[in-house]
Novice: 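Before I ask anything, here is the structure I am working with.
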Amino acid sequence: MYERRETNMETRKPLGQLLKEAGYLTEDYIQFALKEQKASGERLGEVLVRLGIVTDFEIAKVLAAQAGYPFLDLRNIIPETKALIRVPAPFARKKGVLPFKIENGVLWVAISDPFDQSAIDALLRFAETKVKIFVAPQNEIKRVSEWYYYFLDNPPEKKLEDTLARLKLNPNYEFGAEELLEQILVLAITKRATDIHLVPSDLTSRIYFRLDGMLELIFVFPRVVHSRLVGTVKVRSNMDIAEQRLPQDGRFSFKFLGEEYDLRVSTVRASQGENVVIRLLPVHSTVLHLSSLGFSDDEIKLLRFLFTRPHGMILVTGPTGSGKTTTLYSSLRMLDVLQKNVVTAEDPIEYYFPLIRQTQVNEEIGYTFSSAIRHFLRQDPDIIMVGEIRDVDTANMAVRAALTGHLFLSTLHTNDAISVVARLRDLGLNSSLLSTVLLGATAQRLVRKICPSCKERYEPPKDLLEYYKMPNDIPYYRGKGCHNCRNTGYLGRTAITEIFLVNDSIRNLIANDASVADIYQEALNSGYRPLLESAKKRVLDGITTVEEIQRVVG
């Protein structure tokens, strides 16, 4: 399976050139990074990742292409125990390798440096079998290998099951609430949950995780666990533990194997007790390229046209958790931020981007989105980004920023892109001013992707194909269900989007207070494609299913 590949070091291209040819950076960025490298002594790739110019995902992709190995996205992989034990943990950590699967006697291994021949030779000795090589991002290999080698000796599910078994035998068993909470957090992190729900009932306490946008019941404990678990969460979140009637909000941080997470906590009194929701936010997330988020080439082309405008207002819309901030940051990466002063006000700062100036709002001291924009205007900005337009003051300051020669970026909660016109009118913006500053808007949702490990052909319900006007004579796919996807048939999510560009005819309609229906019709005439069209393309490309589109789009 593995063939030793001798690489001619004279013909091997430098990393910077590979990234440049792939369109991930320009020569200006390379020269900037080389100057940083002289001061820091790092390798070029390390500098580029630290500065947020490229990601280790993109470095892995170009290295994979040069070495002739397939690229692997580890976000969609759960390593098998039988594969992990083939390679010693110290070696895996030192060399940046991760064995993750055995198929037909062949060991599948992810490696960060495909040109490290000594690591590959050692892998062959450890495996004592054939090896199939994949290239994966270095940081992802490090994170996943730390997790799953740790779990070989410390499985979080087992500790939770042990606590449950002891409570069944003895309802008065004195369990450690702090340790129980930490095991729940660890399990949520490794399953890549975005939220944890602690839900009380008359006899039990239910633990749900939100995985790929869906709530999934993970554990059910006796009711006695609930009050102690909630109390522990409230203490760590600096909440009033005695107040159980009124809703409360709080936050705390959690570290696990070198990774830090910001946890946002909300409590609400329900009929059976206090309901708690914990949102998990990695402190340092990677800003991926738009293509890695699922945007098509045509959609990226439209977004590039929109975000490279010199001034005006651009809004990204969608419900909570639909990836709006992620899209804003990925779009920022298309811009030449070396020669632009980019300032942000966020709540919280979700992505670390060293080449821009990021600030965290703090309403307790009066630093709000609207006041941030007011101060930013004195900071000689080119681009201003705020986390959300949620009130009249922020909307008015946003218009002021866009009118005075700045590019203003933000998010808004609407059902579709064209509805930003109605929403901003509701906030009191003058239609004439709005028509002057609004460049465009996008709306997006996240749909679950078919699990690649159990993907199979099937026949979708005919009524859905007819409803969505999709052909019935082409192959369609779904996930059968396997270990990798927890038998759901889906693994990971991808974006679907609609992009609304304001042209002269639409600008006149907005200025004259035309209805959203009239603006929608003119947008269609100008080439606007609704969200459903993007969703249907993902189905036709074999990325998701018709049933998933029905669930998300309706």
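Atoms considered below: every heavy atom in the structure, side chains included; atoms not considered: hydrogens, waters and symmetry mates.
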Novice: Just how far is it from atom OG of Ser205 to atom CD of Gln272, taken to the nearest 0.5 Å?
Specialist: 11.5 Å

Novice: To the nearest 0.5 Å, how far apart are CG in Leu540 and CZ in Arg538?
Specialist: 11.0 Å

Novice: How close do Leu446 and Val552 get, heavy atom to heavy atom, and via which atoms?
Specialist: O-CG2, 3.9 Å

Novice: Answer yes or no: is there a side-chain heavy-atom contact under 4.5 Å between Ser331 and Leu290?
Specialist: yes

Novice: Is a side-chain donor or acceptor of Gln183 paired with a backbone partner of Leu180 at a separation under 3.5 angstrom?
Specialist: no

Novice: Is the Lys NZ or Arg CZ of Arg228 less than 6.0 Å from the centre of Phe175's six-membered ring, within 45° of the axis?
Specialist: yes

Novice: Quick one: are Leu198 and Ile207 in side-chain contact, heavy atoms under 4.5 Å?
Specialist: yes

Novice: Do you know which two heavy atoms are closest between Arg245 and Arg269, and how far apart they sit?
Specialist: O-CB, 3.5 Å

Novice: Would you call Lys536 and Glu533 a salt bridge, taking side-chain N to carboxylate O under 4.0 Å as the test?
Specialist: yes

Novice: Answer yes or no: is there a side-chain heavy-atom contact under 4.5 Å between Phe295 and Thr327?
Specialist: yes

Novice: Name the atoms and distances for all side-chain donor-acceptor pairs under 3.5 Å in residues 78-87, with sequence neighbours left out.
Specialist:
unit_1: Glu80; atom_1: OE1; unit_2: Ile102; atom_2: N; d: 3.3
unit_1: Arg86; atom_1: NH1; unit_2: Ala127; atom_2: O; d: 2.9

Novice: Whether Glu178 and Arg236 form a salt bridge (side-chain N of Lys/Arg under 4.0 Å from carboxylate O of Asp/Glu) is what I want to check.
Specialist: yes

Novice: Using the side chain to side chain donor-acceptor pair (under 3.5 Å) rule, take Thr545 and Tyr458 through it: C-alpha gap first, then chi angles, then the decisive distance, then the call.
Specialist: CA-CA 10 Å; Thr545 64; Tyr458 85 119; 4.8 Å; no

Novice: As a test of understanding, state which of Phe134, Tyr148, Tyr149 forms a ring-ring contact (aromatic ring centres under 6.0 Å, His included) with Phe100.
Specialist: Phe134

Novice: Find the distance between OG (Ser296) and CG (Leu303) and round it off to the nearest 0.5 Å.
Specialist: 9.0 Å

Novice: Salt-bridged, Lys158 to Asp162, with N to O below 4.0 Å?
Specialist: yes

Novice: Would you name the heavy atoms of Tyr329 and Met385 that are closest together and state the gap between them?
Specialist: CE1-CE, 3.5 Å

Novice: Between atom NZ of Lys480 and atom CD of Glu456, what is the distance when rounded to the nearest 0.5 Å?
Specialist: 6.0 Å

Novice: Taking Glu58 first and then Arg333, would you say they form a salt bridge - that is, a charged N and a carboxylate O separated by under 4.0 Å?
Specialist: yes

Novice: Would Asn484 and Ser453 count as having a side-chain donor-acceptor pair, cut-off 3.5 Å?
Specialist: yes

Novice: Given side chains that start at C-beta, do those of Glu259 and Pro282 come closer than 4.5 Å, heavy atoms only?
Specialist: no

Novice: Please list, one pair per line, the donor and acceptor atoms closer than 3.5 Å that link side chains of residues 415-424 to other protein atoms, with sequence neighbours excluded.
Specialist:
unit_1: Asp416; atom_1: OD1; unit_2: Ile418; atom_2: N; d: 3.3
unit_1: Asp416; atom_1: OD1; unit_2: Ser419; atom_2: N; d: 2.8
unit_1: Asp416; atom_1: OD1; unit_2: Ser419; atom_2: OG; d: 2.8
unit_1: Asp416; atom_1: OD2; unit_2: Ser419; atom_2: OG; d: 3.4

Novice: Could you state the interatomic distance from CG (Leu123) to CG (Leu107), rounded to the nearest 0.5 Å?
Specialist: 7.5 Å

Novice: Taking everything shown except Tyr173 itself, do over 12 heavy atoms lie less than 6.0 Å from its OH?
Specialist: yes

Novice: Are the side chains of His226 and Phe221 in touch, meaning some heavy atoms are under 4.5 Å apart?
Specialist: no

Novice: Distance from Arg143 atom CZ to Phe256 atom CZ, nearest 0.5 Å?
Specialist: 11.5 Å

Novice: Is the shortest distance from a Lys or Arg side-chain nitrogen in Glu350 or Lys324 to a carboxylate oxygen in the other one below 4.0 Å?
Specialist: no

Novice: So, Gln248 side chain and Asp240 main chain: donor-acceptor pair closer than 3.5 Å or not?
Specialist: yes

Novice: Would a 4.5 Å heavy-atom cut-off, applied to side chains only, mark Asp249 and Ser237 as touching?
Specialist: no

Novice: Is the shortest heavy-atom distance from the side chain of Val553 to the side chain of Ile496 under 4.5 Å?
Specialist: yes

Novice: For side chain to side chain donor-acceptor pair (under 3.5 Å), just list the numbers for Thr326 and Tyr351, CA-CA rounded to whole Å, side-chain angles, deciding distance to a tenth of an Å, and then say yes or no.
Specialist: CA-CA 8 Å; Thr326 304; Tyr351 294 95; 2.5 Å; yes

Novice: Which is it for Phe151 and Glu157 under the side-chain contact (heavy atoms from CB on, under 4.5 Å) test, yes or no, and what are the steps along the way?
Specialist: CA-CA 10 Å; Phe151 294 145; Glu157 292 100 329; over 6 Å; no

Novice: Would you say that Thr368 contacts Asp393 through its side chain, given a criterion of any heavy-atom pair below 4.5 Å between the two side chains?
Specialist: no

Novice: Are any of the side-chain nitrogens in Arg478 or Glu548 under 4.0 Å away from the carboxylate oxygens of its partner?
Specialist: no

